[in-house]
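Encoded as structure tokens, the structure appears first; notes follow it.
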There are 2 protein chains.
Amino acid sequence: MHPMVNDDGTAKASTGPDTDSAGAAGGGKARTKSRGRPRSFDRETALEKALLAFWEHGYEATSVSDLTRVMDIGAPSLYAAFGDKRSLFEEVVRMYGTRHGSFTDRALAEEPTARAAVERALCEAATAYTEPGHPHGCLVVHAATNCSTPEVEKSLRDRRNANIAAIESRIRADVAAGVLPPATDAAALARHAGAMIQGMSQQARDGASREELEAVAEIALSVWPRTGTHTG
Amino acid sequence: MHPMVNDDGTAKASTGPDTDSAGAAGGGKARTKSRGRPRSFDRETALEKALLAFWEHGYEATSVSDLTRVMDIGAPSLYAAFGDKRSLFEEVVRMYGTRHGSFTDRALAEEPTARAAVERALCEAATAYTEPGHPHGCLVVHAATNCSTPEVEKSLRDRRNANIAAIESRIRADVAAGVLPPATDAAALARHAGAMIQGMSQQARDGASREELEAVAEIALSVWPRTGTHTG
DNA sequence: TCATTTCTGTAGCGACCACTAGAAAAAAGA
DNA sequence: TCTTTTTTCTAGTGGTCGCTACAGAAATGA
């Protein structure tokens, strides 16, 4: 009845037996074949379809009936495989995070300075938010604003604020390392970058092209002292 | 049956007679007393309540039953006075525009330079978006994202893009007047300001304080050459 | 007083919402 | 083959959506 998380990290409602399951004392994923009727659809493919639907229309405006149509499965199959609508959305958000929404984290981890990381993040935002093949803008920014389910709204807001906190922490590290001047207002600079990314996402939704967003990003970047090693 | 616009500029469904109405040849608003049972609520007060509800929860997530509750009127009264839900929302957006959402237009009209206008707009945005007594952020930005009624979504998007176009046109005027260098990318600079305002609105929704937004605005303003006369 | 006009409350319309009971179908194990 | 397990399809559940028919209430004009 209740959703659970199984060994491949995905939330499921009733996939996998409710009994002691695989590898209670064994070696993990020994069970390769389940026992009953096999699923007639590919779970990940269906999840991708759900991602596109939620990305385009948001959590509330995407009805279960919309979902079953684009995923091409019946409602009972959806509920059996993904739990309820909220669990499905949470799983969609997780997939979005790993596939489309991790460029800022990657930039913060891989670039040598905060300045270079933000430069790369803004530049990649311009690309990602206008990429063909999926809706424009950021799902985390737009899929649960004005949502009558407060928990869903909060979960996305937490992700947005966590992103800004990560930028701020990277900036503080540079200040501590002497890469940025000690008087740097790390919180404000991080919030500026976050607001910029979110504003660019809104602009992408409103029709701005990649080139236009890149021009915006370049302007926004000029507020940073040029101390990084990443030369755009 | 069909909504109509009467002489005070407000959209109404069946307020005012369908006959030749007041002042077909007379002096305008001669009719002060209507004929039937008088309305038991103040139309503007009810509209303000609707504004707050739509502002907080957005177009879709605010149901007619929510509206009748906060406006403290019955559904038939709502429909008689405001038409359907969409007309009511449009009127709410108009009220929002005149009461809360015109600071950019005012700044563009009153400040001597584009730079000063954007500075004032960003500063007033920080104040307006965090003002107590009403929801944070901008209704035009947040009330109809992920809306399953495309016309409503488009109407707010048009307003956002019109705002940016107005900024761009003000910048072009300064370029033509020699206040800004000829090489200025007016479109990008305007879009940057628009994205900044929208990002600040999102930040306000996500919990940023007025002071935090002002710090962001100050950073964002540093991309402009300091040629204005408005000294913040 | 009475007819006319307009608004208000009740009560409910069909459509859609998220969700599910129950039976048939398709696999594995005995 | 027969049982067990799981998924599928059909057909709904109660609830809410935006919206309205209808009758009574409250005003004006005759």
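- In this structure, of D:dA21, D:dC19, C:dC17, it is C:dC17 that holds the atom nearest to the side chain of A:Ser65.
- Atom pair A:Arg86:CZ and C:dC19:C1' shows a separation of 15 Å (rounding to whole Å applied).
- Using a cutoff of 4.0 Å between basic side-chain nitrogens and carboxylate oxygens, A:Arg86 and A:Glu151 are scored as salt-bridged.
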With salt bridge (Lys or Arg N to Asp or Glu O under 4.0 Å) as the criterion, how do A:Glu60 and A:Lys85 come out once you've worked through the C-alpha distance, each side chain's angles and the decisive distance to 0.1 Å? CA-CA 10 Å; A:Glu60 298 252 76; A:Lys85 187 186 174 184; 5.4 Å; no
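- Between C:dT8 and B:Ser40, a contact under 4.0 Å exists linking OP1 or OP2 to a side-chain N or O.
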Look for any protein N or O under 3.5 Å of an N or O in nucleotides 26-30 of chain D and output each such pair with its distance, or none.
unit_1 : atom_1 : unit_2  : atom_2 : d
D:dT28 : O4'    : B:Arg35 : O      : 2.9
D:dG29 : O4'    : B:Arg35 : NE     : 3.4
D:dG29 : O4'    : B:Arg35 : NH2    : 3.3

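- Judged by distance alone, with hydrogens and angles left aside, the side-chain atoms of B:Thr62 form a donor-acceptor pair with the main-chain N or O of B:Gly58 at under 3.5 Å.
- Ring orientation note: the planes of B:Tyr59 and B:Phe54 are close to parallel, at an angle under 30° on the 30°/60° scale.
- Between A:Leu78 atom CG and C:dC19 atom C1' there is a gap of 10 Å when expressed in whole angstrom units.
- For B:Ser77 and C:dT8, the shortest distance from a side-chain N or O to OP1 or OP2 is below 4.0 Å.
- In this structure, the NE2 atom of B:His57 is 12 Å from the P atom of D:dC17, given to the nearest Å.
- Using a 30° and 60° split on the angle between ring planes, B:Phe103 and B:Tyr129 fall in the perpendicular class, above 60°.
- Map A:Pro76 and A:Val64 each onto its nearest nucleotide of DNA chain C; the residue landing nearer the 5' end is A:Val64.
- What separates CE of A:Met71 from P of D:dC9 is a distance of 14 Å, to the nearest Å.
- Side-chain atoms of A:Ser63 lie closest to C:dC17 of the nucleotides D:dT8, D:dC19, C:dC17.
- The CZ-P distance, from B:Arg39 to C:dT8, rounds to 7 Å in whole Å.
- The separation between A:Phe82 atom CZ and C:dA18 atom P is 16 Å, rounded to whole Å.
- If you take CD1 of A:Ile73 and P of C:dA18, they are 14 Å apart, rounded to a whole angstrom.
- Backbone-only contact: A:Thr62 has heavy atoms under 4.0 Å from sugar-phosphate atoms and none from a base.
- Taking only side-chain nitrogens and oxygens, A:Tyr79 never comes nearer than 4.0 Å to OP1 or OP2 of C:dT20.
- Both tests hold for B:Arg39 against B:Phe41: distance to the six-membered ring centre under 6.0 Å, angle to the ring axis within 45°.
- B:His57 is linked by a ring-ring contact (aromatic ring centres under 6.0 Å, His included) to nothing, counting only residues two or more places apart in sequence or in another chain.
- In the set D:dG18, D:dT8, C:dC19, D:dG18 carries the atom at the smallest distance from any side-chain atom of B:Lys85.
- Here the P atom of nucleotide C:dT6 and the CZ atom of B:Arg43 are 16 Å apart, to the nearest Å.
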